[in-house]
Amino acid sequence: MKQVWITATGGPETLQLREAPDPQPQVGELRVRVRASGINFADILARRGLYPDAPKLPAVVGYEVAGVVDAVGPQVDRGWLGKEVLALIRFGGYADTVVVPTNQTFEKPPALTFEQAAAVPVNYLTAWQLLVVMGGLQRDETVLIHNAGSGVGLAAIDIARRIGATIFGTASARKHAFLKERGLHEAIDYTAVDWTREVAKLTGGHGVELVTDPLGGAHWKKSYGALRHTGRLGMFGASSATDSSWPAPLKLLSVGLSMPWFNPVALMSANRAVFGVNLGHLWHEVPKIDAWMRAVLDGVREGWARPHVDATFPLAEAREAHAYVESRKSTGKVELVV
């Protein structure tokens, strides 16, 4: 098998393609010959030494894959053999072969390519948790999606559109036309205007019912300020850490020091809520993840869940793929393919 390793903390040049013996599935596991692996911003943070949950380097990262089952472990139904699947994996996804538990594996809908299927697990489960499970978004409410052109952002647009909400999003101007085609009602160029003022104008000063924010730091304070009474702030990342000029070990500290403190009494008085989402800490919640994924895959079959792949790179070009993600030029998912 071939794997892409992060050999040390640093830039894309630290990624290296290596060979290893094929893994063998154990009880409750399947072996998947991978056709596509999703790249997530957490992988970029891991390479930069900014992701606390990442395995100790050198390591192979990657949370999601799509491919074909070619072996099963003891006591596993052999009916899995030959099935086209998508799966969540706790690291190791940057490879052409992986072993995954059966309870983290799902049959690929025939309508999806392998590339589209690999764009589903992390993006859509995160967006589902943000909007449906914890955000409680309702028809005719308004949601503000930061980084609307990201994989999670596009998934959130699909889900909010299905719910019947009004959808605002922040993104650079060159992405606006595409985002409006996807269902965004109002696109805000955060590079050119003060997005908080634009939200106030669009809502008549009331604010929005839900904000999804992957940026972290002081940005969360601004997002909280954009909430209407009964509004909810969903936080699910700290990508602004990569913008810090501090040395790598101190970047997360700089973000942490700029984060707001949410006082319970103040939250009660304002009738607002804040919550956090980290899909990587839900491996033990198998029934929940299974239910959410099946709801999303039903959405694929019904046509409202539309995973979008911006670009693909061969495993051997993982460095170029990471550089492309970091350029912030992508709209939707970037993947490694075999």
Side-chain angles (χ1 to χ4, degrees), residues 12 36-45 62-64 66 86 93 111-128 130-131 143-162 165-193 195 198 211-216 219 234 236-240 242-243 279 296 299-300 303-314 317-337:
S37 302
I39 295 176
N40 294 286
F41 205 79
D43 306 340
I44 307 298
L45 294 176
Y63 276 122
E64 56 194 343
L86 60 152
L112 296 184
T113 64
F114 286 109
E115 293 81 5
Q116 290 171 325
V120 169
V122 171
N123 290 343
Y124 278 86
L125 290 178
T126 299
W128 189 266
L130 281 165
L131 271 66
V143 58
L144 172 63
I145 301 169
H146 286 303
N147 200 8
S150 68
V152 173
L154 293 184
I157 291 172
D158 277 352
I159 293 168
R161 184 168 168 263
R162 172 68 171 177
T166 299
I167 314 166
F168 301 161
T170 60
S172 57
R174 62 185 181 80
K175 299 181 181 182
H176 286 190
F178 175 78
L179 293 173
K180 288 182 177 178
E181 289 177 3
R182 293 284 297 196
L184 199 68
H185 294 105
E186 296 289 346
I188 303 169
D189 183 1
Y190 69 96
T191 68
V193 300
W195 65 264
E198 291 300 308
V211 179
T212 64
D213 190 327
L215 300 170
H219 201 272
F236 66 106
S239 63
S240 60
T242 61
D243 300 327
L279 191 65
V296 168
V300 169
W304 60 261
R306 305 160 295 165
H308 176 75
V309 178
D310 178 280
T312 61
F313 295 80
E317 296 178 12
R319 295 177 180 180
E320 290 82 354
H322 268 224
Y324 182 64
V325 172
E326 287 186 277
S327 74
R328 302 186 188 272
K329 294 178 181 178
S330 60
T331 303
K333 199 72 169 180
V334 178
E335 297 184 357
L336 300 174
V337 296

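Numbers here simply count residues along the sequence, with the first being 1.
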Does [Y] offer a backbone N or O that forms a donor-acceptor pair with the side chain of [X] under 3.5 Å?
X: Glu335; Y: Ala119; result: yes
X: Thr191; Y: Ser172; result: no
X: Glu317; Y: Pro314; result: no
X: Thr126; Y: Asn123; result: no
X: Tyr124; Y: Arg306; result: yes
X: Ser330; Y: Asp310; result: no
X: Arg174; Y: Lys329; result: yes

Considering all heavy atoms of both residues, which atom of [X] and which atom of [Y] are nearest to each other, and what is their separation?
X: Gly93; Y: Ser37; answer: O-OG, 2.6 Å
X: Val296; Y: Ala305; answer: O-CB, 3.9 Å
X: Ile39; Y: Ala321; answer: CD1-CB, 3.6 Å
X: His185; Y: Ala165; answer: CE1-O, 3.4 Å
X: Ala118; Y: Ala36; answer: CB-O, 3.7 Å
X: Val122; Y: Glu64; answer: N-OE1, 2.8 Å

Measuring only between side-chain heavy atoms, which start at C-beta, is [X] closer than 4.5 Å to [Y]?
X: Val334; Y: Tyr324; value: yes
X: Asn40; Y: Lys333; value: yes
X: Phe236; Y: Thr212; value: yes
X: Val211; Y: Val143; value: no
X: Glu326; Y: Pro12; value: yes
X: Val193; Y: Ile188; value: yes
X: Leu179; Y: Leu154; value: yes
X: Val152; Y: Pro214; value: no

- Item | Centroid separation His308 to Phe178 less than 6.0 Å | yes
Nearest 0.5 angstrom please: [X] [atom1] to [Y] [atom2], how far?
X: Ile159; Y: Trp128; atom1: CD1; atom2: CH2; result: 6.0 Å
X: His322; Y: Leu336; atom1: NE2; atom2: CG; result: 7.0 Å
X: Lys175; Y: Thr331; atom1: NZ; atom2: OG1; result: 4.5 Å
X: Ile167; Y: Arg161; atom1: CD1; atom2: CZ; result: 8.0 Å
X: Arg182; Y: Asp158; atom1: CZ; atom2: CG; result: 4.5 Å

- Item | Distance-only polar pair, side chains of Asp213 and His219, donor-acceptor under 3.5 Å |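 Side chains of Asp213 and His219: pair found under 3.5 Å.
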- Will you find, in the side chains of His146 and Thr170, an N or O donor that is under 3.5 Å from an N or O acceptor? yes
- Contacts of Arg162 meeting salt bridge (Lys or Arg N to Asp or Glu O under 4.0 Å) (sequence neighbours excluded), chain-then-number -> Glu302
